[in-house]
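Some notes on the structure that comes next.
Keep in mind that this is a model prediction, so the values were computed, not measured. Labels below follow one simple rule: chain letters A, B, ... track the order of the sequence lines, proteins then strands, and each chain is numbered from 1.
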Protein chains: 2
Amino acid sequence: MTTNPPNTQGIIGQIARIRELSNLFIELELRNVAIEGILPAHGSILNFLFQQDAPVPMKEIVERIGRVKSTVTGMIHTLEQYGYVEKLPSPEDGRVVLVKLTEKGCSLKPPFKQISKKLIARLYGNMAVEQKDSLVELLTQIEGNLQPM
Amino acid sequence: MTTNPPNTQGIIGQIARIRELSNLFIELELRNVAIEGILPAHGSILNFLFQQDAPVPMKEIVERIGRVKSTVTGMIHTLEQYGYVEKLPSPEDGRVVLVKLTEKGCSLKPPFKQISKKLIARLYGNMAVEQKDSLVELLTQIEGNLQPM
DNA sequence: CTTATATAGTTCGGCCACGAACAAACGTCA
DNA sequence: TGACGTTTGTTCGTGGCCGAACTATATAAG
């Protein structure tokens with residue numbers, strides 16, 4: 001039994017695998033509560049929309065979630081197809097498209113919070129608080145180190 | 001100036017951003033040495049092929065890199081288009097397709113090693129050895145915690 | 001007011017990634 | 001040898017993700 005994907009590529013591989021395992025976990029949980037059409041990638045958009053109380057321009061979503069415009073266009077389109085969000089023209093600026101959650105979209109908030117909590121719990125397991133803090137601190141450090149420029 | 005993508009989603013977001021920054025770094029480095037057609041995702045395949053001295057069946061690649069068959073088919077096809085690998089039928093089993101690096105593919109090994117080294121150096125920065133070890137240890141722990149089942 | 005420039009979104013083509021369906025070759029067993 | 005089931009890869013459809021090109025509206029400059 002050789003090391004499957006594991007144990008390769010050092011810390012980079014570890015990071016990549018942790019991300020994938022997290023996504024896998026999320027997909028599984030979403031299926032468990034019978035939420036359809038939602039992928040982990042939608043999380044950043046939805047979480048952002050959850051904390052808005054007025055329709056938001058595309059541009060703002062683009063800036064917040066760190067994806068390019070065309071990607072957001074596609075994702076919003078998908079969310080719209082499934083009835084989670086709604087697009088409406090801005091009355092003030094003919095160029096901008098506003099996005100807002102539908103009822104169905106709003107209903108995702110509680111399960112999302114729940115799944116998020118569950119994921120964090122699962123991820124940390126029985127790790128001591130000092131270790132959690134230390135981990136986040138170290139990650140913050142390497143995230144800073146990798147910052148472009 | 002609000003937090004762009006940063007500071008969101010806690011440790012999961014951090015992990016995701018670190019992965020993306022790493023990929024960005026790799027893409028930049030590849031461009032710097034004028035390597036075309038290679039994406040970070042190809043790394044696992046190429047690194048695997050680098051340490052083989054005989055043509056390898058698709059199946060083995062699939063097992064090692066942790067992607068499904070259809071994904072590997074596509075990626076190998078891309079690498080073939082760019083002339084980095086070559087596909088040949090197995091003389092022993094009519095079903096299997098063997099993959100081997102071309103000269104051009106082999107020539108990627110040194111720059112890959114170099115870039116890998118550079119990335120690790122950049123990522124850790126001036127972090128103390130004990131901290132690096134501690135970080136890897138903690139990551140190993142959460143990777144274990146996330147393991148399905 | 002008209003022209004030029006900037007900004008907001010969409011469209012398109014390419015690639016990774018997945019799952020499902022499929023074809024081809026192999027193995028077994030009768 | 002012939003039928004059945006397994007194994008290996010490919011194909012196809014869906015979607016995220018990117019960059020480049022494009023449209024439409026808004027703003028600035030003359």
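Other members of the cluster containing Leu88(A) are Val96(A), Leu98(A), with ILVMFWY side chains joined at under 4.5 Å, either directly or via other members.
Residues satisfying the side chain to side chain contact (heavy atoms under 4.5 Å, CB included) criterion with Lys69(B), sequence neighbours excluded, are Val62(B). In this structure, the side chain to side chain contact (heavy atoms under 4.5 Å, CB included) partners of Gln147(B), at least two apart in sequence or on a different chain, are Leu21(A), Glu143(B). Residues satisfying the ring-ring contact (aromatic ring centres under 6.0 Å, His included) test with Tyr124(A), not counting sequence neighbours, are none. Applying the salt bridge (charged side-chain N to carboxylate O under 4.0 Å, His left out) criterion to Glu20(A), with sequence neighbours excluded, gives Arg67(B). Remark: Gln114(B) pairs with no residue by the side chain to side chain contact (heavy atoms under 4.5 Å, CB included) rule, at least two apart or across chains. Evaluation of the side chain to side chain contact (heavy atoms under 4.5 Å, CB included) rule for Arg122(B) yields Leu146(A), Phe25(B) as partners, not counting sequence neighbours. Listed by chain and residue number, Glu86(B) satisfy the salt bridge (charged side-chain N to carboxylate O under 4.0 Å, His left out) test with Lys100(B) (two or more places apart in sequence, or in another chain).
The nearest pair of heavy atoms linking Phe48(B) to Glu60(B) is CZ-OE1, 4.0 Å. Closest of all the heavy-atom pairs between Asn23(A) and Pro40(A) is OD1-CB, 3.4 Å. Closest non-hydrogen pair, Lys118(A) versus Glu29(A), comes out as NZ-OE1, 3.1 Å.
The only member of Leu28(A), Leu30(A), Leu24(A) that meets side-chain contact (heavy atoms from CB on, under 4.5 Å) when paired with Ile26(A) is Leu30(A).
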**Request:** Run the numbers on Leu49(B) and Tyr84(B) for side-chain contact (heavy atoms from CB on, under 4.5 Å), then give the verdict.
**Result:** CA-CA 11 Å; Leu49(B) 292 179; Tyr84(B) 294 116; over 6 Å; no
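Comparing Lys87(B) and Glu92(A), the nucleotide of DNA chain D nearest to each residue sits closer to the 5' end for Lys87(B).
Between the P atom of dG15(D) and the CD1 atom of Ile76(A) lies a distance of 15 Å, rounded to the nearest Å. Remark: C1' of dG14(C) and CD1 of Ile38(B) are 15 Å apart, rounded to the nearest angstrom.
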Grab the N/O contacts between the protein and nucleotides 1-8 of chain C below 3.5 Å, and write none if there aren't any.
| from | atom 1 | to | atom 2 | distance (Å) |
| --- | --- | --- | --- | --- |
| dT7(C) | O2 | Arg95(A) | NH1 | 3.1 |

Nucleotide N/O to protein N/O under 3.5 Å, stretch nucleotides 15-19 of chain C:
| from | atom 1 | to | atom 2 | distance (Å) |
| --- | --- | --- | --- | --- |
| dC16(C) | OP1 | His42(B) | NE2 | 2.2 |
| dC16(C) | OP2 | Thr78(B) | OG1 | 3.1 |
| dC18(C) | OP1 | Arg67(B) | NH1 | 3.0 |
| dC18(C) | OP2 | Val68(B) | N | 3.2 |
| dC18(C) | OP2 | Thr71(B) | OG1 | 3.2 |
| dG19(C) | N7 | Ser70(B) | OG | 3.4 |
| dG19(C) | O6 | Ser70(B) | OG | 2.8 |

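Residues from residues 23-32 of chain B placing a heavy atom under 4.0 Å of any atom in DNA chain C do not occur.
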**Asked** If you write DNA chain D from 5' to 3' in dot-bracket form, with Watson-Crick or G-U pairs under 3.5 Å, [ ] for crossing pairs and | for pairs with another strand, what do you get?
**Response** ||||||||||||||||||||||||||||||
